[in-house]
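Chain letters run A, B, ... following the sequence lines, proteins first and then strands; every chain starts at 1.
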Amino acid sequence: MFNPIDLAFKKAKEENRPALLTYTVAGDNTKKQSLVILNAISKHADILELGVPHNTPVADGSQIQTSSYRAIKNGIKTEDVFWIVKKYKKNKNSKPIILMGYYNMIFQYGKKKFLEKCKKVGVNGLIVVDFPWPENKSFLKECKRKSIYLIQLLSPTTSNERLKKIIKNSHPMNYFISMLSTTGGKLKVSPKKIMLNYFKIKKINPKKNVVIGFGITEKSIKSLNKADGLVVGSAICKEITNSIQKRQNPVTNVANLVKKLKYKIL
Amino acid sequence: MKLKKGIPVIDQGNNLGFWGGKFGGNFVPETLKKPIEDLEILFNKLKKDKKFIAERDRHFKNWIGTPTRFIKLENLTKYVGGAQIWSKVVSDANGGAHKIYNATVHCLLAKRSGKKIICGDTGAGYAGKMLSMAAKKFGLKCKIFMGAKDIERQQPNVRAMKKNGAEVIPVYSGSQTLVDAVSECMRFWVANCDTTAMCVGSTVGPAVFVRICGWSTSQISRELKFQLINEFGSIPKKLKLYNCVGGGSSSFGFWNEFMDYDKKQCEFIGVEAGGPKKSKRHAAPLTYGSKIGILHGAAQYVNQNSDGQIEETESISAGLDYPGISPLHCFLKDTKRARYTAASDEDALNAYKLVTKYEKLRPSLEPSHAFSVAIKEAKKMSKNTIVVVNSCGDAYKDKKILEKRLGKKYV
């Protein structure tokens, strides 16, 4: 299957750097504004993760929770998330889009209908935080049929045996959680240790791209730059929150932050 | 969907932990897969281990105090004038509620796995209070997550937790009640599962937690079965077991040993929290036909909007104020083994007034919901019908609410 996510990694590799992945919540702080933010960070980021907000997020720290609650309070619906992606994909410089969220949102929309809609509006990948292997086995196949990557999460607690099984059955992109934490936790493990774990995973199948996420900020991003890709989420959500509090424009502030992040890994 | 006979309900899930092929499961972040698997292996081993069971029974007997009383409510029976009304006074248990069984078992498991810290969620504060007691007894550090709204309305239990040395962490997200406390507790476990054990306070959460809790609270029906035979010579021909249902831990434990009896002989009636009469909000997903969804790691009937956002609940009783329901109860509902209905806040308060007027029993607001339906239905039943209500909590914790709603003379 062809997926523009592969091209994004290829391009970053040609430039001898990790791909930069951003995470923002759809509808944060409004439906339109979150689209403007996507357009503004497109220039600097390689792949954009877009959060589907959910109100009982069991794996998200306070920053992403704040963004999600803000979006839900503003009335964001799953249908609006698709609208944002559809509009964004009209941008000539658009990047691959990965929707990230919790399984109940997909389940209520209807698995089949959700994937059809993803295909239609141009979603390239999915991360479903609470839908792990092997529960997601059949969904993995359905995604493949639609050429949408279902990105598997790998954690420091994932056993070797399990890693092998997951990676063997995975699509060409996976996501390594840097440490035991919810999103946005302080990096409590040394970057050296994270990279050691990371290369253990890479060795299982070097052809599959593995990104690292959780706890990555402007300060720590450089120390992890040997990875295929790095995800920054909570730091961006925090920037939006801070901008709103200071009555500044979140769009320019977030764009500047992403630009700085990119500069660090060049 | 079929309930099997001769196999404990907690063991009737499939290899992925689904009861009836669709309730329960393990919808958890990858990080929790390993600790959950470890806990499953440990629990599956220990629940067959005679030494472990003997240890459990010793603590149940000497520390929790078994059996709890099984008493006839003579005056109430006379007043109602129908079936005989009895009560299993589970609030006799050390700490004042059934939550002590699950808390004790979780602490024993945590000790066996070498964990030094245990975290838990709480709504009414009973699960938290009992966990803090058990943690203290077994030398574990204890962290309790509790919604800020619940902290405000269940102060006596908060004080008890602190007295037992537990750290009570207020949760300010969402509706600031049990649902948010469980989410926050799970988040804490995600970040600390290498050093910390988690105790889910009811028969909810990932499949293994549902099983451990159901296994622990089944002590209630083990005792009751014995007490019934003692009293009547055999299990009565017409037995009706009424229990309130929030997450579903006390009701499941109250029914478990009677599962294989025909429902014409042993009927199970679960009473959910219908919320205030004038409000559209409730905590009764089974009664009001909520759709199946995923909450806290398990597929279940859950109050939610069309998009899949979990809806806020409303109930006078913090212990029932939960938008979801145990997968075990979803299974019992769809196999038609149990019947579910709801009582409103006002119904529960009236039942509390009646019970305390006629009997020396002070059921908390949670079992008052069950009393409400039991009293209503007992009126129409024959004298040889035995109605048993699980009085699974004591009203001491509800002092503030009772004073406000009913006045000082009822406190």
Side-chain angles (χ1 to χ4, degrees), chain A residues 52-62 65-66 68-69 72 75-81 101-109 114 127-137 152-159 162-163 166 174-177 179-186 188 214-215, chain B residues 15-18 22 24-38 171-175 178-196 205-207 291-300 302-312 323-324:
Chain A
V52 181
H54 183 47
N55 68 355
T56 47
V58 292
D60 284 309
S62 62
Q65 277 183 54
T66 304
S68 299
Y69 291 140
I72 294 167
I76 200 85
K77 300 266 181 205
T78 308
E79 226 35 91
D80 300 322
V81 179
Y102 291 82
Y103 185 55
N104 198 39
M105 301 302 287
I106 299 174
F107 188 68
Q108 296 312 325
Y109 199 87
F114 190 90
I127 301 174
V128 192
V129 183
D130 57 348
F131 196 35
W133 172 267
E135 279 81 357
N136 64 19
K137 220 172 178 174
Q152 300 281 24
L153 293 158
L154 308 164
S155 154
T157 58
T158 313
S159 67
R162 192 172 150 80
L163 278 175
I166 296 174
N174 291 309
Y175 187 126
F176 175 58
I177 298 165
M179 56 178 170
L180 300 190
S181 170
T182 49
T183 53
K186 238 188 187 156
K188 57 183 179 183
F214 283 43
Chain B
N15 61 335
L16 290 175
F18 289 101
K22 65 176 188 182
N26 286 288
F27 296 93
V28 295
E30 174 62 25
T31 301
L32 293 184
K33 272 282 186 183
K34 179 77 167 62
I36 282 175
E37 194 190 303
D38 289 348
V171 180
Y172 295 103
S173 57
S175 59
L178 179 57
V179 62
D180 311 291
V182 180
S183 300
E184 191 63 25
C185 185
M186 280 182 85
R187 286 191 277 263
F188 180 81
W189 200 42
V190 168
N192 298 282
C193 56
D194 49 344
T195 56
T196 306
K291 274 205 311 183
I292 189 169
I294 285 96
L295 174 64
H296 296 141
Q300 61 197 275
V302 53
N303 297 353
Q304 56 185 323
N305 69 14
S306 59
D307 245 28
Q309 306 293 2
I310 305 305
E311 271 179 347
E312 283 191 21

Heavy atoms, side chains only, cut-off 4.5 Å: are A:His54 and B:Ile310 in contact? yes

Could you tell me which non-hydrogen atom of A:Val58 sits nearest to which non-hydrogen atom of B:Met186, and how far apart they are? CG1-SD, 4.0 Å

Could you tell me which portion of B:Val302 (side chain, backbone, both or neither) has an atom closer than 4.5 angstrom to a non-hydrogen atom of chain A? neither

Minimal heavy-atom distance between A:Leu153 and B:Glu30, with the atoms involved, is O-CG, 3.3 Å

Give, as side chain, backbone, both or neither, the part of A:Ile76 having an atom under 4.5 angstrom from any heavy atom of chain B. backbone

Which atoms of A:Pro57 are under 4.5 Å from chain B, going by heavy atoms: the side chain, the backbone, both sets, or neither? both

Could you give the distance from CG (B:Asp307) to CD (A:Glu79), rounded to the nearest 0.5 Å? 8.5 Å

Ignoring hydrogens and geometry, is there a side-chain-to-backbone donor-acceptor pair from B:Gln309 to A:Pro53 under 3.5 Å? yes

Sole candidate of B:Leu32, B:Val190, B:Asp194 that passes side chain to side chain contact (heavy atoms under 4.5 Å, CB included) when paired with A:Leu180: B:Asp194

What is the distance from atom CG of A:Asp130 to atom CG of B:Asn26, rounded to the nearest 0.5 Å? 11.0 Å

Closest non-hydrogen atoms of A:Pro134 and B:Leu16, given as atom of the first, atom of the second and distance, are CG-CD2, 4.0 Å

Calculate, to the nearest 0.5 Å, the distance between atoms CD and CD belonging to B:Glu184 and A:Gln65 respectively. 6.0 Å

State, to 0.1 Å, how close A:Ala59 and B:Pro29 come at their nearest heavy-atom pair, and which atoms those are. CB-CG, 3.8 Å

Does any heavy atom of chain B fall under 4.5 Å from the side chain of A:Ile166, the backbone, both, or neither of them? side chain

Test item: A:Asn104 side-chain N/O and B:Gly293 main-chain N/O as donor-acceptor pair under 3.5 Å: no

Go through the atoms of A:Tyr109 and report whether side chain, backbone, both or neither lie under 4.5 Å from a heavy atom of chain B. neither

Counting only heavy atoms closer than 4.5 Å, note whether A:Ile177 contacts chain B via side chain, backbone, both or neither. side chain

Separation of B:Lys291 NZ from A:Gln108 CD (nearest 0.5 Å): 4.5 Å

Does any heavy atom of chain B fall under 4.5 Å from the side chain of A:Asp60, the backbone, both, or neither of them? backbone

Where is the tightest heavy-atom contact between A:Phe107 and B:Ile292, given as atom of each residue plus distance? CE2-O, 3.6 Å

Identify the two heavy atoms, one from A:Thr157 and one from B:Lys34, that lie closest to each other, and give their separation to 0.1 Å. O-CB, 3.2 Å

